[in-house]
Amino acid sequence: MNDMIDIRTFGAIGDDDTVNTRAVQAAIDECSRVKGAGVLVAGGRFVIGTIFLKDDVTLHVAAGAALVGSTDIADYATDVYKNMYRDEPHMDRCLIFARGARRIAIEGAGTIDGSGGHETFRHTGQKPFYRPMMIRFLDCSGIRMRDITLRDPAAWTSAWLYCDDIAVDGVTISSRANGNGDGLDFDGCTAVRVSNCSFDTSDDSICLQASRPDRPCRDVTVSNCVFCSHWAGMRIGLLSRGDIRNVAVTNCVFRDIKDSGLKIQLYEGGVMENMAFSNLVMENVPRPIFMTFGQQRACVDAPPGVAPMQRMGHMTFSNIVADSSMCGKDSAIMLLGLAGHCIENITLADISLTTGGGAAAGEIDPSPLPDLTPEQIGRWWPEYFCFKRTVPASGLYAAHLRGLTLRNVRLHPVKPDARPTIFCHDVQEADLGGAKQ
């Protein structure tokens with residue numbers, strides 16, 4: 001690391017108090033100018049406001065060192081683009097930003113700490129109210145993130161917008177200090193590889209999204225990761241004005257997920273297809289798969305109203321072991337299209353799912369669930385609680401599908417349950433012969 005540019009040579013002081021934004025930015029600017037080996041953060045905890053990464057800069061945070069987000073919102077720049085969800089401008093600012101940068105990296109055995117648990121970033125009902133994200137990359141390419149620990153963001157840990165050629169490896173994310181603590185959010189990104197990462201998040205651990213119709217999210221692999229989340233392990237969609245396709249997720253563990261392991265949702269007019277999920281283990285996950293197809297306006301840039309629906313499907317889920325026995329009556333795999341708009345060609349193969357069960361005869365409404373229309377959803381995103389009732393199946397619920405195939409699928413409620421194991425409503429071209437109880 002002797003050939004790296006040390007932020008301390010520019011006057012940075014690692015006393016966990018001094019604000020070092022100018023010193024760190026000066027080191028970044030110099031590194032980009034001379035195309036040096038990188039910017040070194042070592043020997044303390046260095047408080048910063050917003051810094052801007054530039055071409056050919058590797059930000060190396062050494063073991064025992066940390067970059068720490070300031071608790072003064074005045075230290076955060078406003079020219080850092082924006083959060084792409086409507087009604088959430090309080091998350092527009094961020095700690096680390098790059099626009100149009102090439103060949104950038106964040107690495108090292110150290111920590112980036114967003115100070116998200118500080119009272120400054122807690123909503124007390126007073127205005128204005130801000131919760132900056134930790135990292136936002138916009139229109140960047142050739143991005144590498146390795147071995148770093150990202151902890152306690154005030155909002156999302158990272159937002160990657162319209163970026164290409166991304167590799168994230170060996171990263172640890174702990175984001176429970178505040179709400180909306182997403183881990184890695186890839187919006188309109190291509191050639192994305194995430195591997196060997198660990199997540200403990202207050203919101204979705206990984207999101208794949210497409211907020212612009214002209215910027216698809218495609219060619220994504222996720223492997224060898226461990227997910228623990230207060231909401232979803234992986235969410236694919238919701239922001240879906242553009243297409244989302246060519247996704248492979250394999251060799252991952254999902255544990256203690258409050259909402260869903262795989263949450264796959266197409267709602268804003270794009271196309272979602274060509275995905276494979278394999279070799280997954282889930283424990284204490286109420287809905288291992290929660291797939292919905294409908295209409296909703298989620299993006300801040302979307303025009304009024306809802307977009308026409310296109311198509312969703314061509315997905316395979318295989319070699320999955322899921323134990324949802326501690327999740328009660330609401331545990332099931334759920335695949336839900338909309339009347340007149342079927343999800344197409346879904347295959348479940350070599351799956352073992354143990355659910356909670358325990359529903360008595362007459363206790364649960366046996367009719368199909370209501371469609372998640374904009375009127376049914378109301379002001380919420382399309383969540384399970386929008387149904388306002390319990391799923392009428394103890395293992396698999398499918399509605400508005402064309403082409404559903406089950407091969408060696410074992411569905412077993414741990415407690416006796418009066419509901420059918422499988423409930424199909426408006427499911428065409430179904431092959432359910434591979435289901436076992």
Side-chain angles (χ1 to χ4, degrees), residues 237 259-267 272-273 275 286-296 306 309-317 320 322 324 327-349 351 353 355-378 380-407 409-413 417-437:
D259 182 62
S260 305
L262 299 170
K263 196 168 190 175
I264 306 171
Q265 302 182 295
L266 180 61
Y267 271 80
M272 185 182 291
E273 61 188 3
M275 301 184 185
R287 284 162 293 283
I289 306 166
F290 183 64
M291 184 185 302
T292 61
F293 183 23
Q295 292 178 299
Q296 173 70 291
V306 293
M309 296 172 68
Q310 294 198 63
R311 66 181 186 275
M312 177 182 190
H314 298 279
M315 303 182 195
T316 299
F317 303 83
I320 298 175
S324 304
C327 302
K329 302 180 183 68
D330 293 303
S331 53
I333 293 172
M334 302 185 69
L335 313 171
L336 304 110
L338 203 62
H341 300 278
C342 289
I343 297 172
E344 299 180 341
N345 299 325
I346 303 297
T347 298
L348 307 178
I351 293 177
L353 170 60
T355 58
E363 180 184 4
I364 305 245
D365 185 343
S367 64
L369 293 172
D371 287 355
L372 285 181
T373 61
E375 294 75 21
Q376 178 72 20
I377 296 169
W380 303 100
W381 305 134
E383 307 289 0
Y384 175 74
F385 60 73
C386 294
F387 293 115
K388 301 173 184 165
R389 44 178 284 210
T390 300
V391 57
S394 64
L396 168 65
Y397 181 89
H400 311 303
L401 264 70
R402 180 182 299 109
L404 173 62
T405 301
L406 306 186
R407 295 199 303 263
V409 175
R410 182 181 183 275
L411 305 169
H412 173 66
D417 198 296
R419 295 172 293 177
T421 307
I422 299 174
F423 189 119
C424 290
H425 170 60
D426 184 26
V427 176
Q428 309 162 33
E429 302 172 22
D431 180 359
L432 309 182
K436 303 177 182 178
Q437 300 182 29

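Keep in mind that the numbers below use all heavy atoms, side chains included, and drop hydrogens, waters and symmetry copies. Numbers here are sequence positions counted from 1.
- Residues Pro370 and Lys388 have side chains not in contact (no heavy-atom distance under 4.5 Å, counting atoms from C-beta outward).
- In this structure, Ile264 and Met315 have side chains that are in contact, with non-hydrogen atoms separated by less than 4.5 Å.
- Looking only at distances, no side-chain donor or acceptor of Tyr384 sits under 3.5 Å from a matching main-chain atom of Ser260.
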Discussion item. Walk me through whether Leu406 and Ile351 qualify under side chain to side chain contact (heavy atoms under 4.5 Å, CB included).
Written reply: CA-CA 9 Å; Leu406 306 186; Ile351 293 177; over 6 Å; no
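- For Asp431 (side chain) and Gly433 (main-chain N/O), a donor-acceptor pair under 3.5 Å exists by modelled atom type.
- A 4.5 Å side-chain heavy-atom check between Phe387 and Leu336 finds at least one atom pair inside the cut-off.
- Separating the CG atom in Asp426 from the CG atom in Leu338 is a distance of 10.0 Å, to the nearest 0.5 Å.
- A 6.0 Å sphere centred on CZ of Arg407 holds no more than 12 heavy atoms belonging to other residues, nucleotides or ligands.
- Under the 3.5 Å distance criterion, with hydrogens and angles disregarded, no donor-acceptor pair is assigned to the side chains of Asp371 and Thr373.
- Atom CD1 of Ile346 sits about 11.5 Å away from atom CD1 of Ile333, to the nearest 0.5 Å.
- Taken from CD1 in Ile343 to OG1 in Thr292, the straight-line distance is 7.0 Å, to the nearest 0.5 Å.
- Ser367 pairs with exactly one of Ile364, Leu369, Asp365 by the side chain to side chain contact (heavy atoms under 4.5 Å, CB included) rule, that one being Asp365.
- To the nearest 0.5 angstrom, Arg311 atom CZ is 10.5 Å from Leu266 atom CG.
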Worksheet item: What's the verdict on side chain to side chain contact (heavy atoms under 4.5 Å, CB included) for Leu396 and Val409, showing C-alpha distance, side-chain angles and the deciding distance?
Response: CA-CA 10 Å; Leu396 168 65; Val409 175; over 6 Å; no
Practice prompt. Decide yes or no on side chain to side chain contact (heavy atoms under 4.5 Å, CB included) for Leu404 and Leu432, but give the supporting numbers first.
Written response: CA-CA 8 Å; Leu404 173 62; Leu432 309 182; 4.0 Å; yes
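- In this structure, Glu273 CD and Met312 CE are separated by 11.0 Å, a value rounded to the nearest 0.5 Å.
- For Glu344 (side chain) and Gly403 (main-chain N/O), no donor-acceptor pair under 3.5 Å exists by modelled atom type.
- A heavy-atom distance below 4.5 Å is found between the side chains of Pro288 and Leu353.
- Between the CZ atom of Phe317 and the CE atom of Met275 there is a distance of 8.5 Å, given to the nearest 0.5 Å.
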Practice prompt. Evaluate the side chain to side chain contact (heavy atoms under 4.5 Å, CB included) criterion for residues Trp381 and Gln265: first the C-alpha distance (whole Å), next the side-chain angles of each, then the deciding distance (0.1 Å), finally the verdict.
Written response: CA-CA 10 Å; Trp381 305 134; Gln265 302 182 295; over 6 Å; no
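- In summary, Lys263 and Glu383 engage in a salt bridge, as defined by a charged side-chain N under 4.0 Å from a carboxylate O.
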